[in-house]
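So the structure is just underneath, and the comments pick up after that.
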Amino acid sequence: MPSAGASAAGIRRLTAGDWQQLKAVRLEMLADTPMAYIESLDAARRQTDAQWQERAKAMSGDGSVTLIATDAQWQERAKAVSGDGSVTLIAEENNPARRIRGLMRVALTHPQKVGNSLHAVLISVYVAPEYRGLGLADELLVACCDAAAHDLGAQVLELGVHEDNARALSFYQRHGFSLTGESKPFPQDKTKRELIMERRLT
């Protein structure tokens, strides 16, 4: 029986040994969508190799599951929809260790709310631009919900979405997440709100 978070689409768990690929995709994420993450690109670039190794270790340790997509099946889907312009990219990615195409992380929330169901949080959501619209985000999210429930034992998965990100709101609602009515200042722009969404897993 495959472990939680595994799928035919080539989604697997991040390991401590993936630190170089993690560094590459994190820098890519921060350059692509800087407002979506608390960390700045400059701060991430200043991290040493030892710090990236520790980060990969922490993201694959107890209380946290990070799922990545690196399978050739996604290369073929991207090639099919992007045509000749993706030839170089696809050739570069024939080695699955070369690049992470998508990443999502679930971790138990700290501190937990007293007397409530065990909560996990979805963070570090990213799909490379050339793989968007292929179903990779859907597969990663389904796998993350499964990992949160079965690997972490969470009953509720929560996340935050920028109030102006209608596409993300729609995506999460399609996967069973609902707005809780709670919000907080968006870390990168205090004039905006981060809306809290959650979904019961069990």
Side-chain angles (χ1 to χ4, degrees), residues 2-78 86 88-110 120-132 134 136-154 157-160 187-188:
S3 62
S7 89
I11 294 170
R12 67 173 178 85
R13 293 176 71 146
L14 182 83
T15 68
D18 292 321
W19 70 270
Q20 289 175 302
Q21 295 95 295
L22 174 64
K23 176 182 177 180
V25 76
R26 184 65 179 176
L27 296 178
E28 180 182 320
M29 293 161 64
L30 296 171
D32 178 75
T33 325
M35 289 297 293
Y37 309 101
I38 296 173
E39 183 179 28
S40 72
L41 180 59
D42 286 343
R45 283 175 171 160
R46 289 194 296 268
Q47 298 281 296
T48 65
D49 286 352
Q51 289 172 311
W52 283 108
Q53 291 166 9
E54 284 301 313
R55 182 181 287 202
K57 184 177 179 181
M59 289 175 68
S60 56
D62 293 340
S64 177
V65 176
T66 303
L67 299 178
I68 59 175
T70 58
D71 191 81
Q73 178 175 340
W74 293 107
Q75 299 169 14
E76 291 305 313
R77 292 195 196 184
S86 66
T88 302
L89 172 67
I90 299 304
E92 183 182 11
E93 294 182 352
N94 280 340
N95 177 358
R98 288 285 293 178
R99 181 168 173 232
I100 294 172
R101 296 139 178 100
L103 178 148
M104 290 186 189
R105 181 183 180 195
V106 286
L108 293 175
T109 57
H110 295 287
V121 61
L122 178 71
I123 50 178
S124 297
V125 174
Y126 180 71
V127 172
E130 66 273 22
Y131 292 93
R132 293 170 190 167
L134 305 180
L136 179 52
D138 298 276
E139 293 224 18
L140 278 166
L141 184 55
V142 168
C144 273
C145 289
D146 185 64
H150 295 99
D151 293 3
L152 304 181
L157 183 60
E158 62 185 51
L159 56 90
Q188 304 286 35

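Any value given below was found using the heavy atoms of this structure, including those in side chains, with hydrogens, waters and symmetry copies removed. Everything numeric here is computed off the predicted structure, so don't read it as measured data.
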Can you tell me how far OG1 of Thr48 sits from NZ of Lys23, rounded to the nearest 0.5 angstrom?
8.5 Å
Could you tell me the separation between the CD1 atom of Ile100 and the OH atom of Tyr126, rounded to the nearest 0.5 Å?
11.0 Å
Using every non-hydrogen atom in the two residues, find where Ala154 and Leu108 come nearest and quote the distance to one decimal.
CB-CD2, 4.4 Å
Measuring from Asp32:CG to Tyr37:OH, what's the distance to the nearest 0.5 Å?
7.5 Å
Compare every heavy atom of Leu152 with every heavy atom of Gly63, then report the nearest pair and how far apart it is.
C-CD2, 3.7 Å
So do the side chains of Val125 and Leu140 get within less than 4.5 Å of each other, counting heavy atoms only?
no
Given Ser124, which partner from the list Leu103, Leu22, Val25, Thr66 fulfils the side chain to side chain contact (heavy atoms under 4.5 Å, CB included) test?
Leu103
Which residues share a side-chain hydrogen bond (donor to acceptor under 3.5 Å, both in side chains) with Ser64, sequence neighbours left out:
Arg105
Which distance, rounded to the nearest 0.5 Å, do you find between the OG1 of Thr109 and the CD1 of Ile123?
10.5 Å
Can you give me the closest heavy-atom contact between Cys144 and Leu67, atom names plus distance?
N-CD1, 3.6 Å
Quick check: does any side chain N or O of Glu139 sit under 3.5 Å from a backbone N or O of Leu136, one acting as donor and the other as acceptor?
no
When rounded to the nearest 0.5 Å, the distance separating CH2 of Trp19 from CE of Met59 is 14.5 Å
With sequence neighbours excluded, residues passing salt bridge (Lys or Arg N to Asp or Glu O under 4.0 Å) with Asp62
none
Distance-only, no hydrogens or angles: does the Gln188 side chain make a donor-acceptor pair with backbone N or O of Ala36 under 3.5 Å?
no
Worked check of side-chain contact (heavy atoms from CB on, under 4.5 Å) between Asp18 and Arg12
CA-CA 11 Å; Asp18 292 321; Arg12 67 173 178 85; 3.0 Å; yes
Test item: Met104 and Cys145 side chains (from C-beta on) under 4.5 Å apart, heavy atoms:
no
Of all heavy-atom pairs between Ser60 and Leu14, which one has the smallest distance, and what is that distance?
CB-O, 3.2 Å
Listed partners of Glu39 passing side-chain hydrogen bond (donor to acceptor under 3.5 Å, both in side chains), at least two apart:
Arg26, Arg55
Would you sort out whether Arg13 and Asp151 count as a side-chain contact (heavy atoms from CB on, under 4.5 Å), showing the intermediate values?
CA-CA 11 Å; Arg13 293 176 71 146; Asp151 293 3; 2.7 Å; yes
